[in-house]
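Comments concern the structure below.
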2 protein chains.
Amino acid sequence: MTDPHQPAPPRPTSRDVARAAGVSQATVSLVLGGKWPGRVSEATAQRVRDHAAELGYRPNLAARNLRLGRTRTALLVVPALTNEFFARVYTGAAAVAAEHDFGVVLYPSPDGTGPARAPFASARAALDGVIASSMASDALSALHGADLPLVMLDSDPAGTDAAAHVNLDIADGMRQVTEHLLGLGHRRFVHLASAVDTWTFAVRAQSVREAAGRVPDATVRTVRAPLDVRAGREAAEQALAVTGERPTAIVCDDDILAAGACKAARRLGLRVPDDLSVTGFDDLALATAVEPELTTVRLPAEQVGERGMEALLAVLEGRPAEPGSLPVRLVVRGSTAPPPAASRT
Amino acid sequence: MTDPHQPAPPRPTSRDVARAAGVSQATVSLVLGGKWPGRVSEATAQRVRDHAAELGYRPNLAARNLRLGRTRTALLVVPALTNEFFARVYTGAAAVAAEHDFGVVLYPSPDGTGPARAPFASARAALDGVIASSMASDALSALHGADLPLVMLDSDPAGTDAAAHVNLDIADGMRQVTEHLLGLGHRRFVHLASAVDTWTFAVRAQSVREAAGRVPDATVRTVRAPLDVRAGREAAEQALAVTGERPTAIVCDDDILAAGACKAARRLGLRVPDDLSVTGFDDLALATAVEPELTTVRLPAEQVGERGMEALLAVLEGRPAEPGSLPVRLVVRGSTAPPPAASRT
DNA sequence: ACCTCGACGTTATACGTAAAACCTCGGATG
DNA sequence: CATCCGAGGTTTTACGTATAACGTCGAGGT
C-alpha cells in the first residue's frame, strides 16, 4: 500500500535512457525505432535496449504523434455498440488495426441515424482516418472535416466522397430470403422493416419487392418499427391482425425484429413455422437463442470491420483499396416452413 | 471528385490564426483556451475567434497532449464487446466522459480472463487512467504499468492497488434469485455457472450456496460452461439427464446460459416453467426475446460505466472517489414457477 | 514631472520524439 | 601522403501548443 498522493513519478524519457546508456538521445531513438542497421553498432544497440527495458521506458505517444504528424489511430463511427452487429464490426476492425500497430477509437451515436451535433473532436483523439458504418452520408459530412480519409461500410456507394467502400451484398441476401419463402409456397408477405432510414435498409426493402414482384400473385405489405424486440412485436401484431387473408410469412430487416415477430405470433395463437414463417437478418446470437431458431441471413460482420480497416490502411499508404462487396449467406433454420394448407393455392 | 492524391492540405495551426488576426500565437491560445478575462480585450478575442472559425482551425491534440502532459483519455478494459453487458458499460462510461470532454478507448481481450501479452500500449493512445471491468487482477497488473490511476469495475475489492472500485451487489442479486425459487418451493437446484474464473462469478457461486444452505433439504449441483447459448444448452442437458430425482430449477450465471438451459429443457421435453424453472442474470435484451421471458436480475450496466468514469475523474482531480456498490433488482418474468406437483414435499 | 499600476499583449520556453544534417576518426585508395 | 569514405555516432531542429515571464502604454495619483 503506497501513498496514493505521491505526485506520480515522472515517466522516463528517451533522454533518461540515453543518459543511462551513455549515448545521445538520437541514438536511443534510432535504436528503438529499428533504424539502426549501419548507423549504430550492435553492441551499442543492445546496451540501449537493456537500459530502456530496465528503466521501463515507453515512448511518449503524444510526442511521437506530434513529431510524425500521424497517430496510427482510426475512428470508427457506429450507430450503437449494443447492437451485436456493430460490436462485431468493431472487433474485426480492432483486430486488423492491432496487427498493424493501429488503434481504433469509437464514436457511438445514440440514435441510429448518426451523431447529431458534436464533431469528431469529441472522440478526443488525433486521427489518421475515419471508418463510418451504415450511416446517412449527409449526417456524416456534417461531422467529417473533409480533411481525413474516409472509408464507408455498408452504405450507399454513390454520392459520397469516401475514399473507399466496403459493402455487403444485402440485396442478394434479401433476395435469397424472399425466394426461399416463395419456393416454400408463400405468397402473402409482410416486410417488417427498420424505422431507420439508411441505405442498408432501403436496399432490403427494394430487394424484397423486386424478388416478390417476379411472382405474379405475390403481395408485400410493409410495416416499420424501431430496432427492438418490443417494437417489432407490436408492429407484427398489428400487421397480423388483419381481416381477410392473413399473411403467411414475415420477412424482417433484422433478427431483433424477427424475435419480436415470433412473440407476436405466439400471442395471437399462431405457431412458428407451422402457421407463420418468420425470417431474420444478421444472424446474431439471438437467432439461435430463440425457439424456433431463426432462418436468417448470415452477415460477415467481423469481416466488414476487417476489410474496412484494411481499406483505410491502404488509402493511408497511397495504395488503392480493392473494392468488391462481401457475400452473405442464407441460413435456413426452424422458423420457416411451407404455409398452412388452407393458404395454399 | 477531387484528386485523391493531392497531399492533404496542412491543417491551420494556431500560428496561422494568429497571423490572420494580427496577433501573436500566445494570444490565440489564451482566447481559445478561455483564459482571457482581463488578459485580452473582448474586441480582440472576438477577432481571434472569427478568424479561427473562418480558417476552420482545430487545435492539434497531439501537441496539446504533449504540452499538458495529460490526454483526457481513459482506457476501458473489457473482456468482450459482443457481450451486451460490456457494450452497455462502455456506453455509460463514454457518456460521462463526453460530458467532461474526455475520451474512452477500448482494450478488448479475446478471452474472458483478460489480455494475455500485449500491454496497454497497443491501445495506441496516451492515457490518463485505466478502468478495468470484471477482470482477474493478476492478469491486469501484468499489463498495468502501475503508473496510471486504476478503477476496477465489478471485481474483487481486496488485494489490488486500484484507486477506486465500483461494484454491483452481485451477492444480493443471486441471493434474491435463490430465495425467490426457494419461496416457490424448489429444493433441487442446478447452478449453471460461467467457466470464466473471475470474482464476479465466484461471488455468484458462493451466494447461491449460502442462500440454499439456509434451507435444510436444499441441494445445489454446479456445472460450468463458457458463455454462449450452445455451451449452456449442452451443460444443462447433461445436468438434467440424471437418473433419480431431476432438479426442478436451474440458476444461471447469465441470461445467455439461461437461454441455453431453456433450449435444453425443450429438447428433453420439459416445459419451462411448468416442469423446470430457469433464471438468468444481467437482464440483457435476450431476456425478453426468448419465450418464456426470463426471470433474471437486472444489472445497471450503464451506471457501472458511469460511476466508473466518475470515479476515475475524481481520482485524477485528487478528489476521493465515493465508494458504495450499486443495487441490483430481481425481475420476475415467465421462466419461474412452483415445481411440478410430483416434486413437492 | 515622475512613479505606479492595470490592461493588453508579446516573447520565450518547454513538453518528448524523430530524423536531417553534421561531425570524427581509422583504414583503404590513388 | 593527401584524400576519400563509411561506420558510428552527435548536434540540432521542428512538430503545435500552453503558459510563465516579460514589455508597453496611457491614465491617475502626488
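These numbers come from a predicted model, not from an experiment. The chains referred to below are lettered A, B, ... by the order of the sequence lines, with proteins before strands, and numbering in each begins at 1.
Counting to the nearest Å, the P atom of D/dT17 and the CZ atom of B/Arg15 are 8 Å from each other. Between the CG atom of B/Leu32 and the P atom of D/dT17 there is a distance of 10 Å, rounded to whole Å. One atom, CZ of A/Arg58, and another, C1' of C/dT17, lie 16 Å apart when rounded to the nearest Å. Residue A/Arg72 contributes atom CZ, which lies 17 Å from atom P of C/dT17 at whole-angstrom precision. Rounded to whole Å, atom P of D/dC15 lies 18 Å from atom CG of B/Leu61. B/Leu66 places its CG atom 16 Å from the P atom of D/dA14, with the value rounded to the nearest Å. Computed from coordinates, the A/Gln46 CD to D/dG8 C1' distance equals 17 Å when rounded to whole Å.
The stretch residues 34-45 of chain B touches DNA chain C through B/Arg39, B/Val40, B/Ser41, B/Thr44, each having a heavy atom under 4.0 angstrom from the strand.
A side-chain donor from one of A/Asp154 and A/Thr200 sits under 3.5 Å from a side-chain acceptor of the other. Defined by atom type and a distance below 3.5 Å, a donor-acceptor pair is missing between the side-chain atoms of A/Asp128 and A/Thr73.
Which of C/dT17, D/dT17, C/dT11 sits closest to the side chain of B/Ala26 comes down to C/dT11. Listed nucleotides: C/dT17, C/dA19, D/dT17. Nearest to the side chain of A/Tyr57: C/dT17. The side chain of B/Asn60 sits closest to D/dT17 out of D/dT11, D/dT17, C/dG16.
For A/Arg47 and A/Trp36, the positive end is not near the middle of the six-membered ring at less than 6.0 Å and at most 45° from its axis.
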| Nucleotide-resolved protein contact map, nucleotides 23-28 of chain D, B/S/- at heavy-atom distance under 4.0 Å | ------
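The residues A/Glu310 and A/Arg319 are annotated as not salt-bridged, no charged nitrogen and carboxylate oxygen being separated by less than 4.0 angstrom. A salt bridge is absent between B/Glu54 and B/Arg49: the closest approach of a Lys/Arg side-chain nitrogen to an acidic carboxylate oxygen does not fall below 4.0 angstrom.
Residues in residues 13-38 of chain B take part in these salt bridge (Lys or Arg N to Asp or Glu O under 4.0 Å) pairs, two or more places apart or across chains: B/Asp16-B/Arg19.
The environment of CD in A/Glu322 is sparse: at most 12 heavy-atom neighbours from other residues, nucleotides or ligands sit within 6.0 Å.
Contacts of A/Thr13 with the nucleic acid, taken as non-hydrogen atoms under 4.0 Å apart, involve only primed sugar atoms and P, OP1 or OP2.
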